[in-house]
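Heads up: the structure comes next, in structure tokens.
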Amino acid sequence: MPELPEVEVTRLSLVDRLRGAEIAGVRVGKPLRWPLGCAPSTLVGRRLLDVNRRGKYLWFALGARPGVAADDGGLLLHLGMSGSLNLSTHAEPPGPWDHFDLATSHGLLRLTDPRRFGAAVWSSSRDEGAAGKLLAGLGVEPLEAGFTAALLHARLRGRRVAVKQALLAGDIVVGVGNIYASEALFLAGIDPRTPGHRISLARCERLVDAVRAVLARAVAVGGSTLRDFRDAHGLGGAFQNEARVYGREGEPCTTCGGTVRRIVQGQRSTYFCPHCQRR
DNA sequence: ATGGGTACCTGTCTGC
DNA sequence: TGCAGACAGGTACCCA
């Protein structure tokens, strides 16, 4: 499920309500991708200072336990393919897909994740330990100033893989997943099969603009809800209704009327219009 | 360094 | 109706 827009929508839907909350209890269900990495008691009594996002990861900054010096840390959360977070004031009993609960003074934060590719990992610092290892090597944030055509062009040089796979890899730019990679390449008019190193600087400019536009628009409409994505209040997104190519194999291109094609790249579906998108 | 493939896990949909 | 197979929003890790 969740690409950058869904993760950001999730963050926006809970950060104001959760900031300042005190953790009262932790419940761990079936194993997620990685173990929590600490005893539940390590978290209890801490205050939630802030919720930040890095790529598709969320970082819940946690203050020190009362009376314990230099004890700060945080939780790194990932929603995997099928995860979502919900914040509620009345705690219902956990369902079969609810694998992580944080009971707080401001409500129950619950991670629901049928496929269990998601994770909640304790780390004493965002830049070191478990979190540091997972966040190391991530590319630039697409909605920040560092994502430029010059950077994209430089980083694509010497890459023979298709530009779509280079976008997905996450070491150049983060947060662009399978839906938005197809959508951005459509907007930029670039054939997803084009080798990375063959993308000119001028086309990198269009691609940077397209990635930014697609992600910003998706955040604005609450992300894409294909199946199970919900924000922390249970609201679904609407971007799936305005996708130009993703999931539209065999349907007419909204620009030229030609037929949208589906191909497989790196075991993932790619959708594109062969007429509007050129190498 | 790059690239290709596998693995993790469960639900839903399609076609026979 | 049953069942096998394909497919699904991600990404760390192993091996060439």
Side-chain angles (χ1 to χ4, degrees), chain A residues 1-11 29-35 37 53-58 76-85 95-100 111-121 130-139 142 154-184 193-198 211 214-215 218-219 221-231 236-243 245-250 262-271:
Chain A
M1 150 229 111
E3 306 182 28
L4 182 147
E6 291 74 31
V7 177
E8 180 65 8
V9 164
T10 298
R11 189 187 74 82
K30 288 173 98 174
L32 293 167
R33 179 157 193 183
W34 299 292
R53 181 188 56 74
R54 177 75 175 97
K56 299 170 192 167
Y57 289 92
L58 288 172
L76 192 69
L77 262 71
H78 199 289
L79 301 179
M81 289 276 264
S82 57
S84 60
L85 285 173
W97 302 331
D98 298 332
H99 304 302
F100 183 74
L111 174 62
T112 303
D113 184 4
R115 292 181 74 180
R116 291 192 280 128
F117 289 166
V121 177
K133 193 176 171 191
L134 289 168
L135 299 179
L138 291 187
R155 295 294 313 275
L156 284 175
R157 189 165 18 199
R159 288 238 197 169
R160 314 189 77 81
V161 281
V163 60
K164 194 260 190 166
Q165 289 169 270
L167 279 181
L168 277 186
D171 57 333
I172 299 178
V173 59
V174 293
V176 183
N178 209 37
I179 297 176
Y180 301 110
S182 280
E183 292 298 310
R193 299 166 294 188
T194 314
H197 66 98
R198 298 245 319 269
V211 166
V214 161
L215 296 180
V219 171
V221 299
S224 296
T225 298
L226 299 188
R227 157 163 309 164
D228 43 22
F229 172 70
R230 303 273 138 181
D231 75 6
F239 189 86
Q240 70 282 359
N241 300 321
E242 45 188 275
V245 287
Y246 186 85
R248 299 191 62 245
E249 180 185 19
R262 172 185 173 274
I263 58 174
V264 174
Q265 295 181 288
Q267 285 102 271
R268 315 292 304 278
S269 289
T270 301
Y271 299 87

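Here is how names work: the chains are called A, B, and so on, in the same order as the sequence lines, proteins then strands, and each is numbered from 1.
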OP1 or OP2 of [N] under 4.0 Å from side-chain N/O of [X]:
X: A/S82; N: C/dA8; result: no
X: A/K56; N: C/dG9; result: no
X: A/Y57; N: C/dA12; result: yes
X: A/Y246; N: C/dG9; result: yes
X: A/H78; N: C/dT11; result: yes
X: A/R159; N: B/dA1; result: no

Take atom [atom1] of [X] and atom [atom2] of [N], then tell me their distance rounded to the nearest Å.
X: A/Y180; N: C/dG9; atom1: OH; atom2: P; value: 12 Å
X: A/H197; N: B/dG3; atom1: NE2; atom2: C1'; value: 13 Å
X: A/E249; N: C/dA6; atom1: CD; atom2: C1'; value: 13 Å
X: A/W34; N: C/dC13; atom1: CH2; atom2: P; value: 7 Å
X: A/Q240; N: C/dA8; atom1: CD; atom2: C1'; value: 15 Å
X: A/L4; N: C/dG9; atom1: CG; atom2: C1'; value: 13 Å
X: A/D171; N: B/dG4; atom1: CG; atom2: P; value: 14 Å
X: A/F229; N: C/dA8; atom1: CZ; atom2: C1'; value: 16 Å

Rounded distance (nearest 0.5 Å) linking atom [atom1] of [X] with atom [atom2] of [Y]:
X: A/S82; Y: A/F117; atom1: OG; atom2: CZ; value: 7.5 Å
X: A/I179; Y: A/L215; atom1: CD1; atom2: CG; value: 11.0 Å
X: A/R33; Y: A/H99; atom1: CZ; atom2: NE2; value: 15.0 Å
X: A/R115; Y: A/M81; atom1: CZ; atom2: CE; value: 4.5 Å
X: A/L85; Y: A/T112; atom1: CG; atom2: OG1; value: 8.0 Å

**Message:** Taking any heavy-atom pair under 4.0 Å as a contact, classify A/R160: base, sugar-phosphate, or nothing.
**Reply:**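 If one applies the 4.0 Å heavy-atom cut-off, A/R160 turns out to touch the sugar-phosphate alone, with no base involved.
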**Message:** I'd like to know whether A/R230 forms a side-chain contact (heavy atoms from CB on, under 4.5 Å) with A/T225, so could you lay out the CA-CA distance, the side-chain angles of the two residues, the decisive distance to 0.1 Å, and finally the verdict.
**Reply:** CA-CA 7 Å; A/R230 303 273 138 181; A/T225 298; 3.8 Å; yes
**Request:** Please name the pair of heavy atoms, one in A/V7 and one in A/P2, separated by the smallest distance, quoted to 0.1 Å.
**Result:**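 That closest heavy-atom pairing would be CG2-CB, 4.0 Å.
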**Nearest atoms (heavy-atom pairs only) where A/Y246 meets A/E183** = N-OE2, 2.7 Å
Quick check for you: among [options], whose closest atom lies nearest to any side-chain atom of [X]?
X: A/N178; options: C/dG10, C/dA8, B/dG3; answer: C/dG10
X: A/R262; options: C/dG9, C/dC7, B/dG3; answer: C/dC7
X: A/K133; options: C/dC13, C/dC7, C/dG10; answer: C/dC13

**Prompt:** Of A/L77, A/L138, A/V174, which is the lone residue that meets side chain to side chain contact (heavy atoms under 4.5 Å, CB included) with A/Y57?
**Reply:**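 The side chain to side chain contact (heavy atoms under 4.5 Å, CB included) with A/Y57 is passed solely by A/L138 among A/L77, A/L138, A/V174.
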**Request:** Can you tell me, in whole Å, how much space there is between the P of B/dT14 and that of C/dG9?
**Result:** 16 Å
**Prompt:** Side chains of A/R262 and A/S269: is there a donor and an acceptor less than 3.5 Å apart?
**Reply:** yes
**Message:** For DNA chain B, report each stem as range with range, ordered by first number, or say none. Use Watson-Crick or G-U wobble pairs under 3.5 Å, at least 3 in a row.
**Reply:**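 Expected stems, ordered by start: B:2-8 with C:10-16, B:10-16 with C:2-8.
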**Complete:** With B for base contact, S for sugar-phosphate-only contact and - for none (protein heavy atoms under 4.0 Å), nucleotides 6-16 of chain B reads B-BBBSS----
